[in-house]
Amino acid sequence: MFGSALPATVDLGLNDLHSVLITYIVSRQRQERCLLCLEDIGSEETQSSDQEIASLLKKFAIEPEQLLLQSEQKHRYQHFAHTLMSQRKAFACLCVAENPQTPSQDSLCHNSCFEHQEMVAQQIKEQKLPYVIRIKKAEEEISFVDLIQGKVSVAPERIGAPVLLRSDGNPSPLFASACDDMLSNTSLRVCAMRHLDSTPGEIHIKQSLGYTAKTDYAHLPAIHAGEAAADDDTPLSIRQLLEEGFLPDAIINYLLLAGNTHPAEHFTLPNAVAWFDLSTLSPDPIKFDKETLQHLNRRHLEAMDDRSLSTLFGFADADIGRLLKLHLGEADTISALERRIKAIFSPKRCDGDTAGQMQTLATLICEAPMIDAFEDFVQYLVTQSGIEEARLLTLLRLLITATPDGPRLEDIYPLISPYITEIARYTP
RNA sequence: GACCCUUUCAUCUAGGGGCCAAGGAUGCUGCGUUUUCAACGCAGACACAGAGGUUCAAAUCCUCUAAGGGUCGCCA
């Protein structure tokens with residue numbers, strides 16, 4: 001079983017998708033099950049259901065075998081915690097968190113609650129004080145080899161005595177994650193870089209519970225939006241990228257390109273499964289580069305089947321697909337293409353002295369017979385309207401595409417000739 | 001403040017003592033093509049963070065310095 005945790009928020013981030021993607025790819029490669037744990041306990045952010053997350057991931061063709069909701073596992077976490085308590089490997093603690101803004105030197109319990117468990121228990125009983133359950137400090141240094149970051153070893157003082165159960169009875173994310181690994185026997189856990197230093201704590205918890213199976217860890221570098229991560233808090237939201245008109249395939253392509261050795265620049269998820277290698281990932285943080293993503297998006301749109309491309313815009317016509325591809329030059333996202341195609345299919349308007357000529361042309365086209373060749377079409381219009389050819393071409397472009405520039409009209413015309421009367425409409 | 005990690009063009013990377021006066025891709029600049037913008041084609045500019053070592057030979061190994069990132073909560 002390969003696992004990865006992700007927040008159960010409506011707005012999944014690029015970094016979250018990154019972890020999920022890597023987990024999924026490696027699970028396909030080694031033909032193991034892929035498990036995603038949804039951290040839906042105690043977060044203030046808007047929650048979303050497992051179905052919502054699953055359907056979002058499905059857009060990316062990521063279909064994990066199992067989605068686990070941590071809120072449904074609560075009793076198991078509590079059971080583990082009480083087991084540790086009864087073995088005196090964990091203890092109740094009355095220490096209240098210091099001011100979060102100025103973290104204390106060590107995260108250990110200051111009042112040596114562990115040494116005075118009877119007294120603590122009594123206080124809790126008599127005064128109903130809020131308390132947490134902490135794991136006992138580790139005896140010795142804990143080290144492991146991260147698949148991306150290399151060897152990590154951390155002294156017991158640094159691990160401290162992490163909280164297992166919070167005062168509201170809910171597990172801490174760290175504890176929940178350690179338990180999830182044990183319950184589902186996870187052999188590889190992919191997570192974000194920022195959790196690297198808490199991993200020894202997780203290992204310590206598992207060891208205390210007598211779990212001996214090895215879990216490999218891979219901590220992915222973060223993808224930053226701006227120059228100095230701190231000042232630019234532009235959220236790299238997946239939903240937003242999709243709304244901007246990026247194809248899921250292009251986003252996947254980008255994520256696998258960044259911080260990775262790649263045999264090609266342009267590829268799809270199934271290709272990537274063939275060559276992806278966790279060990280070649282760079283531990284360096286990555287700067288999000290939208291231009292690269294745009295370029296990839298264009299490539300993926302280009303590679304799409306004509307007819308399926310047109311279905312993204314409510315058509316089912318390979319010619320419309322080709323028409324869209326003609327516009328890839330100036331439009332590299334779905335939404336930009338949509339603006340183009342909408343402009344073509346809506347009535348055109350313009351002001352000034354061109355208005356009269358536009359009207360003439362529109363009427364002529366409406367009444368014209370079906371003409372296959374663009375040249376003949378233009379000749380017909382020149383003869384009928386008496387407008388000189390160069391001028392007519394400019395007007396015709398406006399009447400068809402609603403913009404002064406774009407792909408060559410002779411390329412466009414054969415693709416839209418069946419729709420020409422619908423397209424060449426003019427509203428004063 | 002403490003601990004850990006990283007450093008090759010603007011960006012993502014190739015490289016693992018000699019095949020490297022450093023290759024590819026994106027972006028940028030110019031030219032071509034185009035009624036037009038873009039795309040496309042061709043050409044061009046742009047990097048081994050710095051200083052010391054080791055070696056016949058260093059982008060590559062070692063040390064220090066600098067810069068970036070991460071962590072030090074009942075956060076996630």
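Below, chain A is the first sequence line, B the second, and so on; all start at residue 1. None of the values given here were measured: they were computed from a predicted structure.
Below the 3.5 angstrom threshold, one finds a donor paired with an acceptor across the side chain of Arg158(A) and the base of U71(B). Residue side chain Arg397(A) reaches the base of U36(B) through a donor-acceptor N/O pair under 3.5 Å, judged by distance alone. For His266(A) and A25(B), a side-chain-to-base donor-acceptor distance below 3.5 Å is absent, hydrogens and geometry of angles not being considered.
Counting any heavy atom pair closer than 4.0 Å across all strands shown, Asn260(A) reaches sugar-phosphate atoms only and no base atom. Within the 4.0 angstrom heavy-atom criterion, base atoms lie near Pro173(A). His219(A) comes within contact range of no nucleotide atom at all, as no heavy-atom separation falls under 4.0 Å. When heavy atoms are screened at a 4.0 angstrom cut-off, Pro407(A) is found touching base atoms of the nucleic acid. Residue-level contact check: Leu328(A) touches neither bases nor backbone, having no heavy atom under 4.0 Å from any strand. Residue Ser167(A) is in base contact, counting any heavy-atom pair closer than 4.0 Å across all strands shown. The residue Arg340(A) sits apart from the nucleic acid: no heavy atom pair falls under 4.0 Å. Counting any heavy atom pair closer than 4.0 Å across all strands shown, Pro404(A) reaches a base atom. Contact annotation for Ala258(A): backbone-only contact, meaning every heavy-atom pair under 4.0 Å involves sugar-phosphate atoms and none involves a base. Within 4.0 Å of Val163(A), counting heavy atoms only, lie sugar-phosphate atoms of the nucleic acid but no base atom.
A straight line from CD of Gln149(A) to P of G70(B) spans 12 Å, rounded to a whole angstrom. For Arg339(A) and A38(B), the CZ to P distance is 17 Å, given to the nearest whole Å. Between Asp180(A) atom CG and A76(B) atom P there is a gap of 15 Å when expressed in whole angstrom units. Between the P atom of C72(B) and the NE2 atom of His204(A) lies a distance of 17 Å, rounded to the nearest Å. The interatomic distance linking Asp197(A) (CG) with C72(B) (C1') rounds to 8 Å, in whole Å. Rounded to whole Å, the distance from NZ on Lys287(A) to C1' on U26(B) is 15 Å. The CD atom of Glu302(A) sits 7 Å away from the P atom of C40(B) (whole-angstrom rounding). Spacing between atom CG of Leu257(A) and atom C1' of U26(B) amounts to 9 Å, rounded to whole angstrom units.
Taking CG of Asp180(A) as the start and CG of Leu36(A) as the end, the distance is 11.5 Å to the nearest 0.5 Å. Residue Glu244(A) holds its CD atom at 5.5 Å from CD of Gln240(A), rounded to the nearest 0.5 Å. Summarising the geometry, atom CG belonging to Leu68(A) is positioned 4.5 Å from atom CD belonging to Gln73(A); distances are rounded to the nearest 0.5 Å.
Neither OP1 nor OP2 of A38(B) sits under 4.0 Å from any side-chain N or O of Arg298(A). For Arg194(A), no side-chain nitrogen or oxygen approaches OP1 or OP2 of A76(B) to under 4.0 Å. Side-chain N/O atoms of Thr394(A) include none lying less than 4.0 angstrom from OP1 or OP2 on U35(B).
Pairing for C40(B) goes to G32(B), judged as Watson-Crick or G-U wobble with the two contacts each under 3.5 Å. Base pairing of A45(B) is not made with any nucleotide, judged by Watson-Crick or G-U wobble geometry with both donor-acceptor distances under 3.5 Å. Base pairing of C56(B) is made with G18(B), judged by Watson-Crick or G-U wobble geometry with both donor-acceptor distances under 3.5 Å. Within the shown strands, C5(B) is the pairing partner of G68(B) under the Watson-Crick or G-U definition, both distances less than 3.5 Å. Within the shown strands, A25(B) is the pairing partner of U11(B) under the Watson-Crick or G-U definition, both distances less than 3.5 Å.
Checking C74(B), C12(B), U26(B) against every side-chain atom of Val132(A), the shortest atom distance belongs to C74(B). Checking C75(B), U35(B), U13(B) against every side-chain atom of Ser172(A), the shortest atom distance belongs to C75(B). With U36(B), U11(B), G69(B) as the choices, the nucleotide that has an atom nearest any side-chain atom of His224(A) turns out to be G69(B). Relative to the side chain of Arg408(A), the nucleotides A76(B), U36(B), C74(B) differ in distance, and U36(B) lies closest. In this structure, the nucleotide among C37(B), U26(B), U13(B) sitting nearest to the side chain of His295(A) is U26(B). Ranking A25(B), U36(B), A76(B) by closeness to the Glu39(A) side chain, first place goes to A76(B). Closest to the side chain of Asp289(A), out of U13(B), U11(B), G70(B), is U11(B).
Atom name C1', nucleotides U11(B) and C19(B): the rounded distance is 28 Å, in whole Å. For the C1' atoms, the distance from U7(B) to C64(B) is 16 Å, rounded to whole Å. Straight-line distance between the P atoms of A49(B) and C9(B): roughly 7 Å, to the nearest whole Å. Look at the C1' atom in both A21(B) and A25(B): the space between them is 23 Å, to the nearest Å. With both ends at atom C1', the span from G18(B) to G1(B) equals 46 Å, rounded to whole Å. Here the separation of U65(B) from U71(B), taken at their C1' atoms, is 23 Å to the nearest Å. Rounded to the nearest Å, the gap between the C1' atom of U63(B) and that of U54(B) is 11 Å. Only the P atoms considered, A39(B) is 15 Å distant from C31(B), to the nearest whole Å.
RNA chain B is contacted by both Glu291(A) and Gly259(A); Gly259(A) maps to the nucleotide lying nearer its 5′ end (nearest heavy atom per residue). For Tyr131(A) and Pro285(A), each mapped to the nucleotide of RNA chain B holding its nearest heavy atom, the one lying further toward the 5' end belongs to Pro285(A).
Taking the six-membered ring where tryptophan is involved, the planes of Phe377(A) and Phe374(A) are tilted, since the angle between them lies from 30° to 60°.
Aromatic ring centroids of Phe345(A) and Phe315(A) lie under 6.0 Å apart. Annotation: Tyr254(A) is not in aromatic contact with Phe246(A) [ring centroid separation under 6.0 Å not met].
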Requested in this report: Starting from the C-alpha separation in whole Å, work towards a yes-or-no answer on side chain to side chain contact (heavy atoms under 4.5 Å, CB included) for Ile133(A) and Val163(A).
Outcome: CA-CA 6 Å; Ile133(A) 293 178; Val163(A) 168; over 6 Å; no

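Annotation: Tyr131(A), atom OH; neighbour count of heavy atoms from other residues, nucleotides and ligands within 6.0 Å does not exceed 12.
Checked options Asp411(A), Asp332(A), Asp306(A); the residue passing with Lys325(A) is Asp306(A) (criterion: salt bridge (charged side-chain N to carboxylate O under 4.0 Å, His left out)).
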